[in-house]
**Q** 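This structure is in structure tokens; I'll ask about it shortly.
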Amino acid sequence: MKFGSAFHFGLEAGSKSELLLAMSYLCKGNPEALLVYNGFKDAKYIVFALVTRKLALNTMIIPEQEEELDQVFTTMHAIIFYA
């Protein structure tokens with residue numbers, strides 16, 4: 001992270017534990033660095049992704065299967081309209 005900061009290098013997270021670690025590193029790092037979510041997306045994983053946006057992290061969710069994209073939209077809809 002220290003070396004890549006000048007180049008806006010970010011991190012990739014494939015599990016919830018990796019995601020939490022990446023969030024902690026990027027909160028202290030370059031705000032333009034990208035945080036890539038690349039793993040199975042259940043509702044909690046997607047909520048974490050939305051929380052990182054509130055922490056001003058540059059986040060990107062990468063759906064690998066059509067079902068994951070449906071899960072992302074369903075979770076986002078539930079958070080936006082029912083929270």
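Hydrogens, waters and symmetry mates are skipped; everything else that's a heavy atom, side chains included, is used. Nothing fancy with the numbering, it's 1 onward along the sequence.
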**Q** Quick one: does H77's side chain get under 4.5 Å of T74's, heavy atoms only?
**A**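 Contact flag for H77/T74 side chains = no.
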**Q** Might you point out which heavy atoms bring V47 and T75 nearest each other, and give the distance in Å?
**A**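 Scanning both residues completely, I find the closest heavy atoms to be CG2-CG2, 4.1 Å.
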**Q** Can you tell me how far NZ of K54 sits from OG1 of T59, rounded to the nearest 0.5 angstrom?
**A**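 Atom-to-atom, T59:OG1 and K54:NZ are 12.0 Å apart.
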**Q** Are F73 and I61 co-members of a hydrophobic cluster defined by side-chain heavy atoms under 4.5 Å apart?
**A**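 No, I61 and F73 fall in different hydrophobic clusters.
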**Q** Let me confirm one number: the CG-CE distance from N38 to M60, rounded to the nearest 0.5 Å.
**A**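 It comes to 11.0 Å.
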**Q** What's the shortest heavy-atom distance between F9 and A33, and which atoms?
**A**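 Distance-wise, the nearest heavy atoms are O-CB, 3.2 Å.
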**Q** Is L35 close to N58 at the side-chain level, that is, under 4.5 Å between some pair of heavy atoms?
**A**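 No, too far: nothing below the 4.5 Å cut-off.
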**Q** Establish, from distance only, whether the side-chain atoms of Y37 and T52 form a donor-acceptor pair under 3.5 Å.
**A**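 Side-chain D/A pair, Y37 to T52: present.
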**Q** Supply the atom-to-atom distance Y25 OH to L11 CG, rounded to the nearest 0.5 angstrom.
**A**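 CG of L11 is found 9.0 Å from OH of Y25.
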**Q** Give the cluster check for L21 versus I62: same hydrophobic cluster or not, with ILVMFWY residues linked at side-chain heavy-atom distances below 4.5 Å.
**A**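 Different hydrophobic clusters.
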**Q** Consider only side-chain heavy atoms of I, L, V, M, F, W and Y, link residues closer than 4.5 Å, and tell whether L55 and I46 are in one cluster.
**A**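 As far as the 4.5 Å side-chain criterion goes, I46 and L55 are connected within one cluster.
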**Q** Sub-3.5 Å donor-acceptor pair from the side chain of Q71 to the main-chain atoms of E67, do we have one?
**A**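 Flag not set: sc Q71 to bb E67 has no pair under 3.5 Å.
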